[in-house]
Chemist: 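Have a look at this one.
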Amino acid sequence: MSRILSGIRPTGTLHLGNYLGAIQQWIELQTKHDVFYMVADLHAITTPYKPEELQNNIRNTVLDYLAAGLDPEKATIFVQSHVPEHSELMWLLGTITPVGELQRMVQFKEKSEQHKDFNQAGILNYPILMAADILLYKAMSVPVGDDQNQHVELARDLAKKFNREYGQTFPEPKAILTSGKRIMDLADPEQKMSKSLGGGIGLNDSPEEIAKKLKKAVTSSEPKVIRDAMHAAQNSHRATIDAWTGDPNLLKQFHGVRNLFTILFAVADRDTAVKWQTAAEDGTLKFSEFKPALAKAIADHFALFRERREVLASDTAHLDEIIADGAVKASIAAKQTLTEVQQKMGLR
Ligand code: ADP
Ligand code: TRP
């Protein structure tokens, strides 16, 4: 049973992209591995945020984890800052991290560009903290979207370097990539669905909200664009994007329709999926009918999630207990590793 760790920043309620790109895989992994899933609150404060909203966002993220099917009996679910060893190990790893490595991280470049008036060391040091998260639990595998792969590689480099300089301590972690299911924003399908954009579907959205958001989704009236986009969502060898790259408008439509089919194939039952796949193939697909059908498929897929979440949210004492238990369990592993590291570095 190998050790696995992952986390999501509590920057708002989780969306369909987080679910299909990350959580769904976390749920599968929890039955076969020793899994640690955290709420990365210390990472969330590296970009502008509202302190008065943070506690709520942290609790909501834990609620989302639980409602989605993460089971505290199988997985250690915890909040990063409740285990202070993360920050301590980060400091120690900082002493073997080349600044140049941090400066070439794509996320650092993007975020420091995006938040020019908030360009603090926290954004630069973000990957050292993430390496500490992973190495503290001696995790071998890290299920993340491809945007986080570079950070996992840094964690791997730091593990190797530490082992070389101070003696064998850490396994070399690897990302388990979930890039197959990158979900795009409905209204702006050239950007990934994100908590900060408007066209995202929240896991807890009501069926009405989902239908409303789908109405704004980018579609196409070109049968060939629709067919190609459906094939691309199926990962079929008949998929072609080249035909549309010359025309920005059609390309955007292609991305929009592909995204809708990617979501359909992920959430709908087989009959529903085949019905719309055939319509796209025949050139008879009408978005005025497809959109409400897709909205219903999404709403149905998350009906149990909404029910569970409501029940869980009504019992705050139970939620507190799960969060406290998670911190205790995570601390045991964390303390052990930190002491070992301190001893190897000559601090104890
Ligand atoms: P966000 O971009 O919404 O703030 P995070 O960066 O906190 O989300 O990502 C949490 C996890 O969800 C990561 O593993 C990330 O790769 C995955 N993820 C986020 N957005 C998407 C998306 N649109 N499609 C697929 N996976 C995603
Ligand atoms: N940086 C990750 C993201 O933005 C979240 C995260 C923090 C994480 N620490 C981690 C993911 C450790 C995996 C392992 O999505």
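These numbers come from a predicted model, not from an experiment. Order of appearance sets the numbers: ligands from 1, and atoms from 1 within every ligand. Values below: all heavy atoms of this structure, side chains included; hydrogens, waters and symmetry mates excluded.
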Chemist: So is Arg182 polar-close to ligand 1, meaning N/O to N/O under 3.5 Å?
Modeler: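 Such a contact does not occur with ligand 1.
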
Chemist: Do you know which two heavy atoms are closest between Phe118 and Thr46, and how far apart they sit?
Modeler: CE2-O, 3.2 Å

Chemist: So, Thr76 side chain and Phe36 main chain: donor-acceptor pair closer than 3.5 Å or not?
Modeler: no

Chemist: Any heavy atom of His15 closer to ligand 1 than 4.0 angstrom?
Modeler: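 Per 4.0 Å heavy-atom rule, His15 contacts ligand 1.
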
Chemist: Does this structure show an ion pair linking Lys335 with Glu85, if we count only N-O contacts that are shorter than 4.0 Å?
Modeler: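 Yes, charged N to carboxylate O under 4.0 Å.
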
Chemist: Show the atoms of ligand 2 that are less than 4.0 angstrom away from any heavy atom in Val142.
Modeler: 13 (C), 14 (C)

Chemist: Should one rank Asn18, Thr262, Thr61 by closest heavy-atom distance to atom 17 (C) of ligand 1, which comes out on top?
Modeler: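 Looking at heavy atoms only, the winner is Asn18.
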
Chemist: Could you find the nearest protein heavy atom to atom 1 (P) of ligand 1 and give me its residue, atom name and distance?
Modeler: Lys195 NZ, 3.9 Å

Chemist: Could you find the nearest protein heavy atom to atom 4 (O) of ligand 2 and give me its residue, atom name and distance?
Modeler: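 Answer, as residue, atom name and distance: Tyr126 OH, 3.0 Å.
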
Chemist: Is the closest side-chain donor-acceptor distance between Asp147 and Gln107 under 3.5 Å?
Modeler: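 There is no such pair (donor and acceptor under 3.5 Å, judged by atom type) between the side chains of Asp147 and Gln107.
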
Chemist: Side chain or backbone, does Ile183 bring an N or O within less than 3.5 Å of an N or O on ligand 1?
Modeler: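 Between Ile183 and ligand 1 (N or O atoms, distance only) the closest approach is under 3.5 Å.
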
Chemist: Check if Val144 has a non-hydrogen atom at a distance under 4.0 Å from any atom of ligand 1.
Modeler: yes

Chemist: Would you check whether Gln148 reaches within less than 4.0 Å of ligand 1, judged by its heavy atoms?
Modeler: no

Chemist: Salt-bridged, Glu340 to Lys344, with N to O below 4.0 Å?
Modeler: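 Lys344 and Glu340: salt-bridged.
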
Chemist: Kindly confirm or rule out an N or O of Gly7 lying under 3.5 angstrom from an N or O of ligand 1.
Modeler: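 Min N/O separation from ligand 1 is not below 3.5 Å for Gly7.
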
Chemist: To the nearest 0.1 Å, how far is atom 4 (O) of ligand 1 from its closest protein heavy atom, and which atom is that?
Modeler: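 Checked against all protein heavy atoms, atom 4 (O) of ligand 1 sits closest to Arg9 NH2, 3.2 Å.
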
Chemist: Side chains of Asp228 and His231: donor-acceptor distance under 3.5 Å anywhere?
Modeler: no

Chemist: Could you check atom 7 (C) of ligand 2 against the protein and tell me its nearest heavy-atom contact, residue, atom and distance included?
Modeler: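 Answer, as residue, atom name and distance: His43 ND1, 3.2 Å.
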
Chemist: Side chain, backbone, both or neither: which part of Ala40 comes within less than 4.0 Å of ligand 2 when only heavy atoms are counted?
Modeler: side chain

Chemist: Side chain or backbone of Leu20 under 4.0 Å from ligand 1, or both, or neither, by non-hydrogen atoms?
Modeler: neither

Chemist: Under 3.5 Å between any N/O of Gly17 and any N/O of ligand 1: does that happen in this structure?
Modeler: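 Gly17 vs ligand 1: N/O contact under 3.5 Å present.
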
Chemist: Examine distances only and state if a side-chain atom of Lys224 and a backbone atom of Gly283 form a donor-acceptor pair shorter than 3.5 Å.
Modeler: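 No, Lys224 side chain to Gly283 backbone: no donor-acceptor pair under 3.5 Å.
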
Chemist: Within the 4.0 Å heavy-atom shell around Met38, which atoms of ligand 2 are there?
Modeler: 7 (C), 9 (N), 10 (C)

Chemist: I need the contact type for Val144 against ligand 2. Using non-hydrogen atoms and a strict under-4.0 Å cut-off, is it side chain, backbone, both or neither?
Modeler: side chain

Chemist: Could Lys296 and Asp300 be called an ion pair, given the rule that one side-chain N must be under 4.0 Å from one carboxylate O?
Modeler: yes

Chemist: Please list, in number order, the atoms of ligand 1 under 4.0 Å from a heavy atom of Gly21.
Modeler: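 Those qualifying, in numeric order: 25 (C), 26 (N).
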
Chemist: Should the pair Asp64-Arg309 be classified as a salt bridge under the 4.0 Å nitrogen-to-oxygen rule?
Modeler: yes

Chemist: Write down the atom of Ile27, the atom of Ala68, and the distance for their closest heavy-atom approach.
Modeler: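 For Ile27 and Ala68, the tightest heavy-atom pair comes out as CD1-O, 3.0 Å.
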
Chemist: Going by atom types alone, do Ser2 and His33 pair a side-chain donor with an acceptor below 3.5 Å?
Modeler: yes

Chemist: Under a 4.0 Å heavy-atom limit, does His151 contact ligand 2 with its side chain, its backbone, both, or neither?
Modeler: neither

Chemist: List the closest protein heavy-atom neighbour of atom 5 (C) of ligand 2: residue, atom name, distance to the nearest 0.1 Å.
Modeler: Gly7 O, 3.4 Å

Chemist: Check ligand 1 against Ser194 and write out every atom of the ligand that is under 4.0 Å from a heavy-atom position of the residue.
Modeler: 2 (O), 3 (O)

Chemist: Indicate yes or no for a side-chain donor-acceptor contact from Arg3 to the backbone of Met140 under 3.5 Å, with no hydrogens or angles considered.
Modeler: no

Chemist: Flag the pair Asp320 and Arg59 as a salt bridge only when some basic side-chain nitrogen lies within less than 4.0 angstrom of an acidic carboxylate oxygen.
Modeler: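 Salt bridge flag = yes for Arg59 with Asp320.
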
Chemist: Around atom 9 (N) of ligand 2, find the nearest protein heavy atom and jot down its residue, atom name and distance.
Modeler: Asp133 OD2, 2.7 Å

Chemist: With distance as the sole criterion, is a donor-acceptor pair present between the side chains of Ser81 and Asp41 under 3.5 Å?
Modeler: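 There is such a pair (donor and acceptor under 3.5 Å, judged by atom type) between the side chains of Ser81 and Asp41.
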
Chemist: Leu5 heavy atoms, cut-off 4.0 Å: which ligand 2 atoms fall inside?
Modeler: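 Ligand 2 atoms under the 4.0 Å threshold to Leu5: 12 (C), 14 (C).
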
Chemist: Are Arg182 and Asp146 within salt-bridge range, i.e. N to O under 4.0 Å?
Modeler: yes

Chemist: What protein heavy atom lies closest to atom 14 (O) of ligand 1? Include the residue and the distance to one decimal.
Modeler: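 Atom 14 (O) of ligand 1 sits closest to the protein heavy atom Gly145 N, 3.2 Å.
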
Chemist: Considering only protein heavy atoms, which is closest to atom 2 (C) of ligand 2, and at what distance to one decimal place?
Modeler: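 Closest protein heavy atom to atom 2 (C) of ligand 2: Gln148 OE1, 3.4 Å.
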
Chemist: Who's the nearest protein heavy-atom neighbour of atom 2 (O) of ligand 1, and how far?
Modeler: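 Result for atom 2 (O) of ligand 1: Lys192 NZ, 3.3 Å.
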
Chemist: Under a 3.5 Å threshold, yes or no: a donor from one side chain and an acceptor from the other, between Glu208 and Ser206?
Modeler: yes

Chemist: Within a distance under 4.0 Å of any heavy atom of Ser6, pick out the atoms of ligand 2 and give their elements.
Modeler: 11 (C), 13 (C), 14 (C)

